[in-house]
Amino acid sequence: MLKLKKLLNYKTYREITEEMLILKYDGQVIYEGYTDDLITSVTGDLELKLNHGRSNTSSVIARKYDEHIVWIPKISLDSDYIYKTIIFNSDQFKELWTSLKYDAEDDLGFIKSISADELKRMWMTGARGIERIDDMSGLIKSVIKNTIALSTNLEGQETILYDLIENRWVLKEGKIIEGKDNWECFVAYLDKGIFENWKVLKKDHEDNLYIHLGNGYCLPIKY
């Protein structure tokens, strides 16, 4: 099986009682702080309290999809919440967990499988406006309101776009893959929030259409 493999790097320093951690994913800092402050399961889910090198925390929750660990946004979402699509393959998860002195096998058994709504939440979080989001309904309304224009090619797929935004997804068999940089990209332009544009869909050279989950990760769809 081909594994997703964006680089995951980490470094610890200082004494064990005050150990600090710098965690990078795909070349970007996603956590910098005390090692003991990164991971929690107090809410009943395995959670990373990421800070992206800043003072505020943007927590993500672990879910299984295929043989990978997908980190989904944790509702509620404040205006300063930062989300980056992060997916570990099983080897990366085990290596990081073991390095941080956790039991990887026990925690893998603790992680729930991802739902269709959670994949949809991943896809839409970066396209929301600046208001606080407390549930999926609020996220859908925010994304629709925040979308002010579409790229020419996305105008031709507008029905698909709003069907994906407004309706429930059915999680069918399919693999998350890493798209190619030269695939056709379909863009929605945004009014407010962290990003000015949202790479909504991608199409490969065989005209297969994909939901772009972010950070190059794609999920095949059929229409």
Side-chain angles (χ1 to χ4, degrees), residues 1-9 23-30 48 50 52 58 60-73 82-93 113-128 139 143 146-147 149-190 193-223:
M1 179 182 298
L2 181 63
K3 292 189 176 182
L4 305 178
K5 53 181 180 181
K6 289 189 184 293
L7 288 178
L8 178 68
N9 304 108
L23 182 64
K24 291 183 178 182
Y25 182 77
D26 196 27
Q28 297 183 13
V29 174
I30 58 173
L48 293 182
L50 303 180
H52 301 274
S58 299
V60 292
I61 296 170
R63 288 290 185 263
K64 289 178 184 174
Y65 187 84
D66 193 24
E67 297 297 317
H68 298 89
I69 305 302
V70 179
W71 297 96
I72 65 169
I82 298 171
Y83 181 69
K84 177 184 177 69
T85 303
I86 298 171
I87 301 177
F88 293 172
N89 65 45
S90 56
D91 291 339
Q92 288 174 321
F93 180 86
S113 295
I114 200 165
S115 70
D117 267 2
E118 288 167 340
L119 276 171
K120 184 175 179 178
R121 188 195 310 171
M122 286 175 61
W123 179 62
M124 294 198 303
T125 290
R128 74 194 191 282
L139 181 57
V143 170
N146 200 39
T147 300
L150 308 177
S151 60
T152 302
N153 60 354
L154 186 54
E155 288 177 351
Q157 306 288 351
E158 188 172 359
T159 300
I160 294 176
L161 168 64
Y162 284 100
D163 182 48
L164 288 170
I165 292 174
E166 295 174 349
N167 297 319
R168 293 185 67 89
W169 290 10
V170 177
L171 194 57
K172 299 178 180 178
E173 185 175 350
K175 307 289 185 184
I176 295 176
I177 65 170
E178 290 190 59
K180 306 295 184 183
D181 291 339
N182 60 355
W183 284 6
E184 184 179 1
C185 194
F186 300 76
V187 179
Y189 300 100
L190 308 174
I194 295 174
F195 303 108
E196 294 182 354
N197 58 65
W198 175 26
K199 295 178 180 177
V200 179
L201 305 171
K202 289 198 170 188
K203 184 185 287 186
D204 66 19
H205 301 306
E206 283 75 44
D207 286 336
N208 297 307
L209 197 62
Y210 299 83
I211 297 168
H212 180 233
L213 296 172
N215 205 21
Y217 292 115
C218 297
L219 184 68
I221 55 174
K222 293 184 182 295
Y223 270 91

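A donor-acceptor distance shorter than 3.5 angstrom exists from the side chain of Trp198 to the backbone of Trp123, with no hydrogens or angles considered. The closest donor-acceptor contact from the side chain of Asp66 to the backbone of His68 lies at 3.5 Å or more, if one exists at all. The main-chain N or O of Ile69 is never found under 3.5 Å from a side-chain atom of Gln92 such that the two would form a donor-acceptor pair. Side-chain atoms of Lys120 come within 3.5 Å of backbone atoms of Asn167 as a donor-acceptor pair (strictly under, hydrogens ignored). Looking only at distances, no side-chain donor or acceptor of Asn215 sits under 3.5 Å from a matching main-chain atom of Ile86. Remark: the backbone N or O of Ser58 is not paired with any side-chain donor or acceptor of Tyr83 at under 3.5 angstrom. Between the side chain of Asn146 and the main chain of Ala127, a donor-acceptor pair closer than 3.5 Å is present. A distance-only check finds no donor-acceptor pair linking the side chain of Gln157 to the backbone of Leu154 [under 3.5 Å].
When the shell of 6.0 Å around NZ of Lys199 is examined, it contains 12 or fewer heavy atoms from other residues, nucleotides or ligands. Counted within 6.0 Å of NZ on Lys64, heavy atoms from surrounding residues, nucleotides or ligands total more than 12; the atom is thus considered enclosed. Atom NZ of Lys24 sits in a sparse spot, with 12 or fewer heavy atoms from other residues, nucleotides or ligands closer than 6.0 Å.
The closest side-chain donor-acceptor pair between Ser115 and Asp117, if any, does not fall under 3.5 angstrom.
A distance of 10.5 Å separates CD1 in Ile61 from CD1 in Ile114, rounded to the nearest 0.5 Å. Residue Glu118 holds its CD atom at 10.0 Å from CE of Met122, rounded to the nearest 0.5 Å. Distance check: Phe195 CZ to Arg128 CZ gives 8.5 Å after rounding to the nearest 0.5 Å. We find the OH-CG distance between Tyr25 and Leu7 to be 9.5 Å, quoted to the nearest 0.5 Å. The CG atom of Leu150 sits 12.0 Å away from atom CG of Asn197, with the distance rounded to the nearest 0.5 Å. Atom OG1 of Thr147 sits about 12.0 Å away from atom OH of Tyr189, to the nearest 0.5 Å.
Contact of the Tyr65 side chain with the Leu219 side chain is registered, since non-hydrogen atoms from C-beta on lie closer than 4.5 Å. Leu164 places a side-chain heavy atom less than 4.5 Å from the side chain of Ile221. Looking at Tyr217 and Glu178, their side chains come closer than 4.5 Å, going by heavy atoms from C-beta outward. Leu161 is not listed as a side-chain neighbour of Leu201, based on a closest heavy-atom distance of 4.5 Å or more. Looking at Leu119 and Arg63, their side chains never come closer than 4.5 Å, going by heavy atoms from C-beta outward. Looking at heavy atoms from C-beta onward, Asn153 lies out of side-chain contact with Val187 at the 4.5 angstrom threshold. Phe186 places none of its side-chain heavy atoms less than 4.5 Å from the side chain of Lys202. Between Ile30 and Leu48, every side-chain heavy-atom pair lies at or beyond the 4.5 Å cut-off.
Annotation for Glu206 and Asp204: closest pair N-OD1, 2.9 Å, computed over non-hydrogen atoms. Pro73 and Thr125 make their closest contact through CG-OG1, 3.2 Å (heavy atoms, listed as atom of the first residue, atom of the second, distance). The two residues Ala116 and Trp169 come nearest to each other via the heavy atoms CB-O, 3.3 Å. Between Ile87 and Ile176, the shortest heavy-atom distance links the atoms CD1-CG2, 3.9 Å.
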Could you walk me through whether Lys203 and Trp183 pass the side chain to side chain contact (heavy atoms under 4.5 Å, CB included) test, one step at a time? CA-CA 6 Å; Lys203 184 185 287 186; Trp183 284 6; over 6 Å; no
